[in-house]
**Q** 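Quick one: the structure is below, questions incoming.
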Amino acid sequence: MSKFIRQHGWSYLFILPTILTFSVFILLPVLASLVMSFGKYTFRDGLVPITPFYKNYVDAFTTQGGVFIGAIKNTLIYSIFTVTTNIFVGLILASLIQPLGKRLQNFFRAAYYLPAVTSAVVIGMTWRYIYNGQWGLANFILTKLGLITEPIRWISDPDIALGSVILSAMLTVPATAVVLFSAAMGAIPKEYYEAAELDGAGPVRKWWNITLPLIKSVTLYLVVLYTIASFEVFERVYTMIPSGVANATETIVTQVYQQGFVQFNYGVAAAQAFVLFLMIASVAVIQFRSLRSDVEY
Amino acid sequence: MATTNSPLQRILVWLTLILAALISLFPMYWLFVMALTPIGTIPPSEPYLVPSPFSLSNIERLLVGAKDYGRWAINSIVIAIVVTAWHTIFDTMSGYAFAKRKFPGRNVLFGLILSTLMIPPQVTLVPTYVVTRQLGLLESDPLITIGGFQLLSINSLAVILPGLAAVFGVFLMRQYIQTLPSELEDAARIDGCSEFQVFSNVILPLCVPAIAALSIFSFVRNWNDFLWPLIVLRKSINYTLTVGVAGLQGEFSTDYGIIFAGAALAALPMIIFFLMFQRYFIEGVRMGALKG
């Protein structure tokens with residue numbers, strides 16, 4: 001026993017704080033959340049069983065006229081548009097800064113990265129006023145350009161509010177994508193391009209035939225990263241449209257927040273959070289599948 | 001696109017890059033313009049594109065109207081520093097153990113941590129809330145005061161304690177330490193270093209770049225954290241900046257000057273922080289530490 005301690009004691013001591021906080025604040029809460037999603041919790045009575053045991057999962061989709069289904073739909077629409085745009089814009093910008101000198105590369109990367117360090121709360125609030133119907137920047141610019149004559153009610157018209165939220169996210173330069181794409185492109189051996197040049201390939205051919213195939217794994221990683229982040233969208237919506245517009249901008253997480261911490265239906269909130277988990281898990285599984293058939297160089 | 005040849009192509013490339021930079025920075029720029037223009041409670045007829053006239057009156061009114069604003073900033077700083085300090089120390093230690101040391105249960109434990117990485121943080125909201133409330137952490141009594149000045153309230157613990165559990169740093173440090181040659185440790189052991197000295201004298205100095213990335217990541221993340229603090233922080237005096245600033249919209253609904261000033265001031269420290277440590281930020285993203 002003392003030999004065991006002498007040999008491994010330090011190892012366990014090194015991981016002790018991590019394991020402790022991990023168990024108390026991640027592992028146990030995840031399990032507790034699963035249990036709570038099948039019961040009714042109140043601070044007075046604790047956790048009591050419900051019938052049928054999966055009632056919270058039914059309620060999750062039916063409560064308040066099924067607003068959660070709409071929230072999932074909104075989240076998916078948000079996700080499809082923002083992830084596609086972000087990956088595409090990130091890829092293009094990284095490709096374009098690639099041939100520049102070190103200093104210029106750093107300058108542009110910094111310009112693209114700066115807003116990403118700002119809290120989503122501040123970004124959401126800023127866009128709220130960019131979209132202000134009377135004096136907002138968006139209507140001002142579009143009017144000056146002669147594109148509109150009537151002011152657009154960006155975030156007060158339920159028909160377009162979700163579109164406005166999506167637009168604001170699409171117009172955010174995807175900083176992580178730019179940095180990771182440009183790191184991946186920088187790691188491609190120069191000889192590949194030189195060989196292609198000897199064969200008479202132009203910049204676009206080289207990009208299409210060499211760069212794109214070789215950054216496939218980073219692309220997949222980014223797609224998953226951005227998809228997960230978009231599934232969890234909350235701050236941007238919560239600060240841009242605090243009280244919502246006719247449920248048009250409810251997302252999965254705004255619903256979890258609403259059910260759990262405004263309505264205090266803890267079980268339903270936990271059930272909804274697990275629906276989010278299943279969605280994220282399926283995205284991750286799809287990624288691992290595609291990664292298995294990946295090209296390495 | 002290794003080289004772009006024709007002048008037209010070149011112009012198009014530059015236009016795209018500059019346009020993207022403008023789109024990226026303009027909302028932030030406009031936020032500061034509006035914060036520094038005395039717009040007061042009367043909505044302007046059209047948005048200002050430069051502060052005219054330049055004035056700090058919004059900020060003065062903010063600090064009078066939202067009297068806890070300074071308090072929020074202190075809470076944010078204290079919480080972010082405590083959580084960051086914890087992660088830089090203990091994530092490095094456990095990252096080292098998982099990367100270099102062989103002990104029974106290592107793979108099981110690491111696999112367990114790995115498997116939770118995919119679980120969205122929203123899943124733990126409800127039980128963590130129940131536990132923090134049962135522990136009495138939603139009370140707002142002062143916990144640590146220095147000379148009558150409240151440094152930390154009990155309520156801050158409700159944000160700090162769950163923050164200690166983020167496991168991303170463990171992966172980052174393990175990944176980084178795995179690339180360090182093991183010969184150095186062996187040599188130190190032969191020279192008679194204790195196991196802790198091997199860690200503190202050999203491993204730690206080599207980890208500085210990764211620790212820098214991790215601490216920046218952790219600080220920004222905790223500074224910007226919103227949903228959890230929004231749930232557990234009850235009284236204005238305990239708010240963090242994000243929670244307080246988001247609340248300005250409700251409190252000063254049409255006093256846009258105060259709201260803009262509050263949002264701009266909250267963004268400023270991170271912007272300065274980024275400009276100072278830019279290189280580490282970008283390096284951190286490459287190591288996989290940051291997202292945005």
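In what follows, chains carry the letters A, B, and so on, assigned in the order in which the sequence lines appear, proteins first and then strands, with residues in each chain numbered from 1. Everything quoted here is computed from the prediction, not taken from an experiment.
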**Q** Out of A:Ile26, A:Val24, A:Leu28, which one racks up the most heavy-atom pairs below 4.5 Å with chain B?
**A** A:Ile26

**Q** Are any of the side-chain heavy atoms of B:Pro127 and A:Met36 separated by less than 4.5 Å?
**A**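 A side-chain contact exists here, since the closest heavy-atom pair is under 4.5 Å.
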
**Q** Can you establish whether the number of heavy atoms outside B:Arg189 located under 6.0 Å from its atom CZ is more than 12?
**A** yes

**Q** Can you say whether A:Phe277 sits under 4.5 Å from chain B via the side chain, the backbone, both, or neither, judging by heavy atoms?
**A** both

**Q** Between A:Val253 and B:Leu227, is a side-chain contact (heavy atoms from CB on, under 4.5 Å) present by the stated rule, with each step listed?
**A** CA-CA 10 Å; A:Val253 180; B:Leu227 178 53; 3.7 Å; yes

**Q** Between B:Pro104 and chain A, with a heavy-atom cut-off of 4.5 Å, which part of the residue counts as in contact: side chain, backbone, both or neither?
**A**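 Its backbone and side chain both get close to chain A.
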
**Q** Can you check whether B:Gln134 reaches A:Phe43 side chain to side chain, under 4.5 Å on heavy atoms?
**A** yes

**Q** More than 12 foreign heavy atoms under 6.0 Å from NZ of A:Lys40: is that the case here?
**A** no

**Q** State, with a plain yes or no, whether a side-chain heavy atom of B:Arg106 is found less than 4.5 Å away from one of A:Ser11.
**A**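 No; the side chains remain at least 4.5 Å from each other.
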
**Q** Quick check on the interface: out of A:Ile92, A:Ile280, A:Val122, who has the most heavy-atom pairs with chain B under 4.5 Å?
**A** A:Val122

**Q** Walk me through it: do B:Val198 and A:Trp10 pass the test side-chain contact (heavy atoms from CB on, under 4.5 Å)?
**A** CA-CA 11 Å; B:Val198 170; A:Trp10 277 110; over 6 Å; no

**Q** Quick check on B:Phe103 against chain A: is it the side chain, the backbone, both or neither that has a heavy atom closer than 4.5 Å?
**A**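 Both backbone and side chain.
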
**Q** Does any donor atom in the side chain of B:Gln278 or A:Arg109 lie under 3.5 Å from an acceptor atom in the other side chain?
**A** no

**Q** Do A:Ile97 and B:Leu17 touch side chain to side chain, with heavy atoms closer than 4.5 Å?
**A**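 A side-chain contact under 4.5 Å exists here.
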
**Q** Need one label for A:Tyr266: side chain, backbone, both or neither, based on atoms under 4.5 Å from any heavy atom in chain B.
**A** both

**Q** Who among B:Ser115, B:Ala266, B:Ala20 has the most heavy-atom pairs with chain A under 4.5 Å?
**A** B:Ala20

**Q** Would you say the side chain of B:Pro27 lies within less than 4.5 Å of the side chain of A:Ile130, judging by non-hydrogen atoms?
**A** yes

**Q** Does any heavy atom of chain A fall under 4.5 Å from the side chain of B:Ile18, the backbone, both, or neither of them?
**A**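 Both parts, heavy atoms under 4.5 Å.
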
**Q** Relative to chain A, which segment of B:Trp223 carries a heavy atom at a distance below 4.5 Å: side chain, backbone, both, or neither?
**A** neither

**Q** Is there side-chain contact between B:Leu25 and A:Tyr112, with heavy atoms separated by less than 4.5 Å?
**A**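 Sidechains of A:Tyr112 and B:Leu25: no contact.
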
**Q** Out of B:Ile113, B:Val245, B:Leu125, return the one with the most heavy atom pairs under 4.5 angstrom to chain A.
**A**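 With the most close heavy-atom pairs to chain A, the winner is B:Ile113.
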
**Q** Side chain, backbone, both or neither: which part of B:Leu161 has a non-hydrogen atom closer than 4.5 Å to chain A?
**A**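 When you check distances to chain A, atoms from both the backbone and side chain of B:Leu161 fall under 4.5 Å.
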
**Q** Quick check on A:Gln7 against chain B: is it the side chain, the backbone, both or neither that has a heavy atom closer than 4.5 Å?
**A** backbone

**Q** Contact part of A:Trp208 toward chain B, heavy-atom cut-off under 4.5 Å: side chain, backbone, both or neither?
**A**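 Contact with chain B is absent: no heavy atom of A:Trp208 under 4.5 Å.
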
**Q** Which bit of B:Leu109 is near chain A, if near means a heavy-atom gap under 4.5 Å: side chain, backbone, both or neither?
**A**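 The side chain, not the backbone.
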
**Q** Looking at chain A, which one of B:Leu112, B:Val170, B:Leu248 has the largest number of heavy-atom pairs inside 4.5 Å, strictly under?
**A** B:Leu112

**Q** Has B:Phe110 got more than 12 heavy atoms of other residues, nucleotides or ligands less than 6.0 Å from its CZ?
**A**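 Atom CZ in B:Phe110 is packed in, count exceeds 12.
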
**Q** Heavy-atom distances under 4.5 Å only: say whether B:Thr116 touches chain A with side chain, backbone, both or neither.
**A**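 When you check distances to chain A, only side chain atoms of B:Thr116 fall under 4.5 Å.
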
**Q** Applying side-chain contact (heavy atoms from CB on, under 4.5 Å), can you list everything that pairs with B:Leu135, at least two apart in sequence or on another chain?
**A**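 B:Val131, B:Leu137.
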
**Q** Heavy atoms, side chains only, cut-off 4.5 Å: are A:Leu104 and B:Trp14 in contact?
**A** yes

**Q** How would you list, by chain and number, every residue that makes a side-chain contact (heavy atoms from CB on, under 4.5 Å) with A:Asn139, sequence neighbours excluded?
**A** A:Ile148, A:Pro151, A:Ile152, A:Trp154

**Q** Given the options B:Thr242, B:Ile259, B:Ile271, B:Val130, which has more heavy-atom pairs under 4.5 Å with chain A than any of the others?
**A**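 Going by pairs under 4.5 Å, I would pick B:Val130.
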
**Q** Is it the backbone or the side chain of B:Phe273 that comes under 4.5 Å from a heavy atom of chain A, or both, or neither?
**A** neither

**Q** Given that the side chain runs from C-beta out, which part of A:Arg205 has a heavy atom under 4.5 Å from chain B: side chain, backbone, both or neither?
**A** neither

**Q** Answer with side chain, backbone, both or neither: which region of B:Tyr48 has an atom nearer than 4.5 Å to a non-hydrogen atom of chain A?
**A** neither

**Q** Given 3.5 Å as the limit, does a donor-acceptor pair link the side chain of B:Ser24 with the main chain of A:Ala111, or not?
**A**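 Present.
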
**Q** Can you confirm whether A:His8 sits close enough to B:Arg101 that some side-chain heavy atom of one is under 4.5 Å from a side-chain heavy atom of the other?
**A** no

**Q** Stepwise, does the side-chain contact (heavy atoms from CB on, under 4.5 Å) test hold for A:Val117 with B:Met270?
**A** CA-CA 6 Å; A:Val117 301; B:Met270 279 303 109; 4.3 Å; yes

**Q** Between A:Phe107 and chain B, which part of the residue has a heavy atom less than 4.5 Å away: side chain, backbone, both or neither?
**A** neither

**Q** Starting at CG of B:Leu164, measure out to OG1 of A:Thr18 and round the result to the nearest 0.5 Å.
**A** 10.0 Å

**Q** Kindly determine whether B:Met28 and A:Ile123 satisfy side-chain contact (heavy atoms from CB on, under 4.5 Å), including the steps that lead there.
**A** CA-CA 8 Å; B:Met28 284 291 105; A:Ile123 307 259; 4.1 Å; yes

**Q** For B:Leu241, is it the side chain, the backbone, both, or neither that has a heavy atom closer than 4.5 Å to a heavy atom of chain A?
**A**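 Neither part.
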
**Q** Report the option among B:Thr16, B:Ile23, B:Ile119 that has the most heavy-atom pairs separated by less than 4.5 Å from atoms of chain A.
**A**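 Maximum pair count with chain A is reached by B:Ile119.
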
**Q** Flag the pair A:Tyr129 / B:Trp30 as yes when their ring centroid distance falls below 6.0 Å, and as no otherwise.
**A** no

**Q** Select one option (side chain, backbone, both, neither) describing which atoms of B:Lys102 are under 4.5 Å from chain A's heavy atoms.
**A** backbone

**Q** Pick whichever of B:Leu22, B:Leu230, B:Leu275 has the most heavy-atom pairs under 4.5 Å with chain A.
**A** B:Leu230

**Q** Determine, stepwise, if the pair B:Phe90 / A:Phe14 fulfils ring-ring contact (aromatic ring centres under 6.0 Å, His included).
**A** CA-CA 7 Å; B:Phe90 295 117; A:Phe14 279 143; over 10 Å; no

